[in-house]
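Below, read A as the first sequence line, B as the second, and so on, with proteins coming before strands; counting in each chain starts at 1.
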Amino acid sequence: MKTLLDGLNEAQRTAVMAPLGPVLILAGPGSGKTRVLTTRVAYLMQEMNVDPWHILAVTFTNKAAKEMRHRVESLLGDQPRGLTMGTFHATCVRILRRETDNLQYYDRDFVIFDSSDQLQVVKQALKVLNLDDKKFPPNKMLNGISNAKNELITPAMYAASNYISEITRRVYSEYQLLLQSNNAMDFDDLLMNAVLLFEERPDILGKYQKRYEHILVDEFQDTNTTQYTLIKMLAARHENLFVVGDSDQSIYKWRGADFRNIQRFREQYPEAQLILLEQNYRSTQIILDAAKAVIRPNLNRVHKELFTVRQGGVPIVVREAYNEHEEAETILDSVESLMVEGYSGGDVAIMYRTNAQSRVLEETFLRAGMPYRLVGATAFYRRREVKDIIAYLRLVHNPADAVSFNRILNVPPRGIGAKTRQGLLDWAGNQYWQPAGALIRMATDPEVQHPFSGRALNALSRFGNMLSAWINLRDKVAVSDLLDVILEQTSYRDYLDDGTTEGEDRWENVMEFRGAAGEEADISLSAFLEQVALVSEADNLEETPNATTLLTLHAAKGLEFPIVFLTGLEDGLLPHSRSLDDGEELAEERRLLYVGITRAKDRVYLSHAFRRTFYGDSSVSVPSRFLNDIPQELTEGGSPSIRRRQSKKRISSWPGSSSGRQESSRRSTSANQYSEWSRPSSERSSGKPSAKSRDLDGDTLDETVRRPPGKPQFRSGLQVRHSRFGEGTVIESKLTGNDEEVTVAFPSSGIKRLAASFAGLEIIE
DNA sequence: GGATCTCATGTTTTT
DNA sequence: CATGAGATCC
């Protein structure tokens, strides 16, 4: 008892010990909401003698679920048996799998379709309905479908008010039929079908209501209507509903999340206890004040008076860079200064609104040899080769999965072209067979009548036999063994091996995937596929020591870092251009910035660029309107106009540049003019070896910048030496801006494209 | 049937 | 600019 509540503040204690019934916790950033949630779970068990079997705790991400599990375990000493703790989706899948006998259109082996599978199904639906996918873009349709499902609107309920929504209704309807015939559900279905099942079958609902006496929900502001309804239904019997949220951190409106569910909760449970967690344990007062100033203009907020014991703090640094390259360089310089101060690169996070912005940052860090980790780059499970392999496994598991079937029918190429494919689909359709089933019958049963002959027949039979053999093998061997057989028989490696490093990388990804299958020795194919569908690899993102984290603002939610750089604070980027004409969306952009600022413990750097390149061409940007909301006494870097003037001054000092030859700006600026920005300046001026060594020495630098265009230093065939890659041969060299881009083949590291001014290439005879 | 090219497209993306 | 899907060519 004492240990459970130890170290909790007044409000947190009140929350943990709140009497049964509905409880709403409004938790500011850094106020220890996860702690409250986990302690409450432990409290229920330890102090209220609740059997863990009767507790359901839901989160949005696997990561959050894992964290909670971990913390409950450390509070109690061991893992409570029977406790249900997981994401909304995982919880629903568990229920649906258990109840497959009661599902009308699905059997036990149903699979989960991800967004690319969904897109294929939408395209197929459009085809079936004879609709033009130019006029009705599949992803727009999919969006409409997803929105409907988030709102718990079935095709039958879908009210069409205009032409486009009528089309959406039809596509939605067809789409659902196709999913059912594939024995597949999309992510939204997992939630919606659970609710629909409960609506149709009060007896089944009753079973779960009885079981889940206590329900706890994390990030409640992110629930959509379907999730809200699910929770409400499950809690209807006991009404022990403990929800934690912060509407100021609602940043997933575009995914159907509706923070007004918090308001709805208050209305529907008027007796609910309301507890505010206002003490922030993370940030300095200055950071918190800046965050509050940013969020204040949003309307209809439940006022929270956030405070922290970390009085004072370092002022927020606001600065303007000439362009995105300089922005990145400046950040890099600051990170290096911070390292001199004793911070580690791993204490730093750099956040941005759009993924595209990560590129320049990456390049800059890469060139400097500074370690970084990129959160949420192209998801592993979404890579083509990995998806192929998953499609094989999914098809073996669920031969009704026509999407996977179509994906791999001729991958690797096995001589089944478009004509043969269509023939197969038509023939199978006429027999009311699924394509994979038809193929297997054709290949294994000589009695079956079919329209194929010659080469087509040969190719189809070969594949049909393989598929049939895999299905027979399915329950007899481990997933990894099954995978090996498939890879072997399809010669998948040869298919990927096109002699490029990319091909090798792809094969490595396949092997990594195989490794994941091998790790779980006894996992069934079904469980493995489910895990692959519902668990993103971001959940097991390993901690790279000392690496600076690069991530989107969305990805940053729930994390904290001593140092946070927020980049691209420009109108059109943050707030994003697509949100400028909509008050609600603008408010969400504001919350996004709020989330970003509140991730920081010690220091925040806000930067914007004078020019930024979008889709190839560069244009002048306006500093984010949100910057005006941060009181100047909290910042360092002067008013916007002062920053702009300084920025202009620096630009005019550039050698022969008025229009921003960005390419050359990086080095020429990093070491000198900007030192005033790097904090603290004393340490900056003392110099730092690593910063120096990265730079070329002064002479070379000047030469690079001043060299008139049109005279490359390098030409094809030249032998060069690079400090890291060793000796190599120049393949080509071309001038870009004021720099020279040299493509070099290194026997040891492959082909690299290098900027001459940074690479420090040495010409050897 | 497979490779190559062109053209449209581009916010965020917990599951 | 950079990517990917679809059309077109061989």
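Closest to the side chain of A:Tyr615, from the set B:dG1, C:dC1, B:dT14, is C:dC1. Relative to the side chain of A:Lys123, the nucleotides C:dG6, B:dT15, B:dG10 differ in distance, and C:dG6 lies closest. Among B:dT14, C:dT3, B:dG2, the nucleotide with an atom closest to any side-chain atom of A:Ala257 is B:dT14. Nearest to the side-chain atoms of A:Tyr252 among the listed nucleotides B:dT15, B:dT14, B:dT12 stands B:dT14.
Residue A:Arg421 is classed as having no contact, given no heavy-atom separation below 4.0 Å to the nucleic acid. Across all strands shown, A:Thr420 has heavy atoms under 4.0 Å from sugar-phosphate atoms exclusively, and none from any base. Residue-level contact check: A:Ala64 touches neither bases nor backbone, having no heavy atom under 4.0 Å from any strand.
For A:Arg578 against B:dT11, no side-chain N or O and base N or O form a donor-acceptor pair under 3.5 Å.
Contact annotation: A:Arg359 side-chain N/O to C:dA2 OP1/OP2 distance is under 4.0 Å. For B:dG2, one of the phosphate oxygens OP1 or OP2 lies less than 4.0 angstrom from a side-chain nitrogen or oxygen of A:Asn410. For the pair A:Thr552 and B:dT13, the criterion of a side-chain N or O lying under 4.0 Å from OP1 or OP2 is met. For the pair A:Asn62 and B:dT15, the criterion of a side-chain N or O lying under 4.0 Å from OP1 or OP2 is met. Contact annotation: A:Lys134 does not reach the phosphate of B:dC7 (side-chain N/O to OP1 or OP2, under 4.0 Å). The side chain of A:Asn355 contributes an N or O atom lying less than 4.0 Å from OP1 or OP2 of B:dT13.
Ring geometry, A:Phe187 versus A:His89: the interplanar angle exceeds 60°, so the pair is classed perpendicular (tilted spans 30 to 60°).
As a whole-Å value, the separation of A:Gln118 CD from B:dT15 P is 14 Å. Nucleotide B:dT15 holds its P atom 14 Å from the NE2 atom of A:His554, rounded to whole Å. In this entry the distance linking CG of A:Asp571 with C1' of B:dT11 reads 15 Å, nearest Å. A:Asp218 has its CG atom 11 Å from the C1' atom of B:dT14, to the nearest Å. What separates NZ of A:Lys557 from P of B:dT11 is a distance of 21 Å, to the nearest Å. We find that CD of A:Gln357 is positioned 11 Å from C1' of B:dT12, with the value rounded to whole Å. Straight-line distance from the CG atom of A:Asn150 to the P atom of B:dT13: 17 Å, rounded to whole Å. The interatomic distance linking A:Asp582 (CG) with B:dT12 (P) rounds to 18 Å, in whole Å.
The 5' end of DNA chain B is approached more closely, in terms of each residue's nearest nucleotide, by A:Ile251 than by the other of A:Ile251 and A:Arg255. Along DNA chain B, the nucleotide nearest to A:Arg353 and the one nearest to A:Ala533 differ in position, and the one closer to the 5' end is contacted by A:Arg353.
Salt-bridge formation is not detected for the pair A:Lys123/A:Asp133: no Lys NZ or Arg NE/NH1/NH2 atom is positioned less than 4.0 Å from an Asp or Glu carboxylate oxygen.
Residue side chain A:Trp254 meets the stacking definition with respect to B:dT12: its ring centre sits within less than 5.5 angstrom of the base's six-membered ring centre, and the planes differ by less than 30 degrees. Ring-base stacking between A:His89 and B:dT15 is not satisfied when judged by a centre separation under 5.5 Å and a plane angle under 30°.
Between the side chains of A:Tyr208 and A:Glu99, at least one donor N or O lies within less than 3.5 Å of an accepting N or O. Between the side chains of A:Ser579 and A:Glu585, no donor-acceptor pair of N or O atoms lies under 3.5 Å. Under the 3.5 Å distance criterion, with hydrogens and angles disregarded, a donor-acceptor pair is assigned to the side chains of A:Tyr175 and A:Asp186.
With values rounded to the nearest 0.5 angstrom, A:Leu439 atom CG is found 8.5 Å from A:Phe452 atom CZ.
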